[in-house]
Amino acid sequence: MKNAAIAQVFQDMADLLELKEENPFKIRAYQRAAHTIDSLPVELEQVMKEGKLREITGIGEAIANKITDLLTTGHLESYEKLRSEFPENILSLMAIRGVGPKTATRLYKELDVSSVDDLEKAIVEGQVAALYRLGEKTAENILRHIQGLRRKDQRVTLGEALPVVEEIIADLGKIRGVRNLTPAGSVRRFKETIGDIDIMGTADDPESVIQAFVHLPQVEEVLGKGATKASVVVGNGVQVDLRMVEHDSFGSLLQYFTGSKDHNIALRDRASRQGLSLSEYGITVTKTGEIERFATEEGFYERLGLQYIPPELREGRNEIEEAEKGTLPKLIEASDIKGDFHVHTDWSDGHDSIEAMANAARSRDYQFLAITDHSVGRGIAHGLSVERLRQQIAEIKALDRKLSNFRLFTGIEVDIRADGTLDYPDEVLSELDIVVAAIHSAMGQDSDTMTKRIIRALDNPYVHVLSHPTCRLLGIREPIDVDIEEVFRAAVRTNTALEINAMPDRLDLKDIHVLRARELGVRLLIGTDAHSAGNLDLMRFGVGVARRGWCQAEHILNTSAFGEVESLLKQGKGQAWMTTSR
DNA sequence: ATGGCTATCCATGTTTACCAGCTGGTAAA
């Protein structure tokens, strides 16, 4: 049994115990165990063999015994007993936003609702609204969330797909005679969600690579296998296709399978007017029927009279016209990044200390890091009271003095409350180098209320940045209802920067927002929202969004040297913050 | 249920918002 499956058992048990109104601390212990197991870097099976289960924080006698049962027998009696006390699908009710344990219990006790379908029917028939202490609005709210769950498509996030791809490429890359192993498709274009994963490569002996591919340990099912192509399903249910070709036609193959569909249609259309036809095998001169092969994509685009188009721009927007004129932007690269503006520490809900975060930043050759823990309103995240914030400021400044050629900025991720006021008074905010404002509550407001709320925050003279502006969580939560264009205009007017949040579940702003914001002259920066030192590596996802939004290095504040950032911050939201060349 | 501590013990995330009924339960973050 894998860690993820065991973690799920404990999460389910926690939910069921909540339904039973068990001791809340017991529930929390199960939740904490589930979370710890889920993010454990080694398999529990291994830990158990070494007899070290109890050494994991949060795993004591009882949970260690349960883990041992699960690993040795595949079953857990107490879990099965607990499940038998409730209807089969009760947990699926609690998975709906707006339905907690109390409501779920009442729904099945009073209305005999035991599935999402039942619940939807009961709402439509007005039975839910008729319950005491529920009503029209609550019922409507639940219905909206059910529909949201249904809409959620089966795609996985780039954050889930990319590590899978990299692992496979690392494994297959060890085989003798293999070259050019590259992801294609939406992974290569760095799209926020991925359907299937496509991997391309060339090899002296393609068949041996295909053979190795279908026998990789992460493969759960082989869907098909031929001499040059195979399809498999890996652990998280994602389909991975591998295609191997001869070295000399790799360029056209990669181009063809990178897409996007819209890009390739436009490219073909243009080629046919030049008397050429395009395929995965090469470029054919229509008149003679002669096919030209391309080992590289660069050669392929050059033959068409185009500047090389980076994969992130191949969305059929305007890239072919610009490539024809030779005016494509020189996109920002990961190596341009000199610092991070949004990280958490163990002062709020982060995992690592201020010093560990600073060291992690320095080891990535960054020049600066802003510490932005949660404000007091994020109670669950252990948000900082004014008093603790001031202690933290002192500690950050003391550490900063010890670090040469590096700047640690004091900061906060301050909550924007429902009415647009902030979680701290202005005089507290004025003590910080950087103030990042964000919405974490009352996300259901209507567009007008929400837009005014955000603009009120942007108007605050101490707010430098609006973080994750649309609050979406991919596949989990829809974005808030907001007039984003109005927010962009207010950001320009008030000299407030907007964040590209690099967390793979957020990627917020998203690519097309970045494109539009940049057109309007909004200042942008990338924040990883790191909750651990290792999370600083999420920066590349933010860079990917910036690239998809056609950003050059000078469009993103993270590419500025620390001295430059410091003087910008010192001048507050005055002209310099927005109107320097950067 | 865990972990600190050696106790038939004790502490363990908190604030805000929403909604139904006009204060307080419930859920979310």
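Here is how names work: the chains are called A, B, and so on, in the same order as the sequence lines, proteins then strands, and each is numbered from 1. All values below were derived from every heavy atom in this structure, side-chain atoms included, with hydrogens, water molecules and symmetry-related copies excluded.
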Comparing A:E61 and A:P101 on DNA chain B - which has the more 5′ nearest nucleotide: A:E61

Would you measure the distance from the C1' atom in B:dT15 across to the matching atom in B:dG4 and give it in whole Å? 28 Å

Does A:N23 reach a base, just sugar-phosphate, or nothing at all? Heavy atoms under 4.0 Å. base

Distance check: side-chain N/O of A:T57 vs OP1/OP2 of B:dT2, anything under 4.0 Å? no

Could you check whether A:G98 gets within reach of a base, just the sugar-phosphate, or nothing at all, counting any heavy atom under 4.0 Å? sugar-phosphate

OP1 or OP2 of B:dA29 less than 4.0 angstrom from a side-chain nitrogen or oxygen of A:R97, does that happen here? yes

pair A:E21-A:T105: side-chain heavy atoms closer than 4.5 Å: no

When all nucleic acid strands are considered with a 4.0 Å heavy-atom cut-off, which category describes A:E22: base, sugar-phosphate, or nothing? nothing

Rounded to whole angstrom, note down the P distance from B:dT26 over to B:dG21. 13 Å

What's A:I27 touching, base or sugar-phosphate or nothing? Going by heavy atoms closer than 4.0 Å. nothing

Calculate the interatomic distance between A:E55 atom CD and B:dG4 atom P; express it in whole Å. 13 Å

Taking CD from A:Q31 and P from B:dA28, how many angstroms apart are they, rounded to a whole number? 13 Å

Please classify the nucleic acid contact of A:I63 as base, sugar-phosphate, or nothing, using heavy-atom distances under 4.0 Å. sugar-phosphate

Could you measure the distance from the NE2 atom of A:H464 to the CG atom of A:L432? Nearest 0.5 Å is fine. 9.0 Å

Please tell me if A:T138 has a side-chain N or O lying less than 4.0 Å from either OP1 or OP2 of B:dA20. yes

Donor-acceptor pair under 3.5 Å, A:R28 side chain vs B:dG13 base: yes

From the options B:dA29, B:dA27, B:dC18, select the nucleotide whose nearest atom is closest to the side chain of A:Q445. B:dC18

Within the structure shown, what part of the strands sits under 4.0 Å from A:G379 by heavy-atom distance: base, sugar-phosphate, or nothing? base

Base, sugar-phosphate or nothing for A:H382? Non-hydrogen atoms, less than 4.0 Å. nothing

Salt-bridge test for A:E192 and A:K510: reply yes if a basic N is under 4.0 Å from a carboxylate O, no otherwise. no

Tell me whether the side-chain N/O atoms of A:R378 come closer than 4.0 Å to OP1 or OP2 in B:dA28. no

Rounding to an integer number of angstrom, what distance separates B:dT12 and B:dC22 when you compare their P atoms? 35 Å

Within the 4.0 Å heavy-atom criterion, would you say A:R54 contacts the bases, only the backbone, or no part of the nucleic acid? nothing

Taking CD1 from A:I56 and P from B:dG3, how many angstroms apart are they, rounded to a whole number? 10 Å

Of the nucleotides B:dG24, B:dC19, B:dA1, which has the atom closest to the A:K137 side chain? B:dC19

For the pair made of CD1 in A:I142 and P in B:dT26, what is the distance, rounded to whole Å? 13 Å

Would you please classify the geometry between the A:H374 ring and the A:H440 ring as parallel, tilted or perpendicular, with 30° and 60° separating the classes? perpendicular

Between B:dG3 and B:dG13, how many Å separate the two P atoms, rounded to a whole number? 13 Å

Could you tell me if the ring centre of A:F368 sits under 6.0 Å from that of A:F341? yes

A:I416 has an atom CD1; how far is it from atom P of B:dA17, in whole Å? 12 Å

Indicate the ring-plane relationship of A:F190 and A:F541, choosing parallel, tilted or perpendicular according to the 30° and 60° boundaries. tilted

Need to verify one output field. Residue with the more 5' nearest nucleotide on DNA chain B, A:L131 or A:R106? A:L131

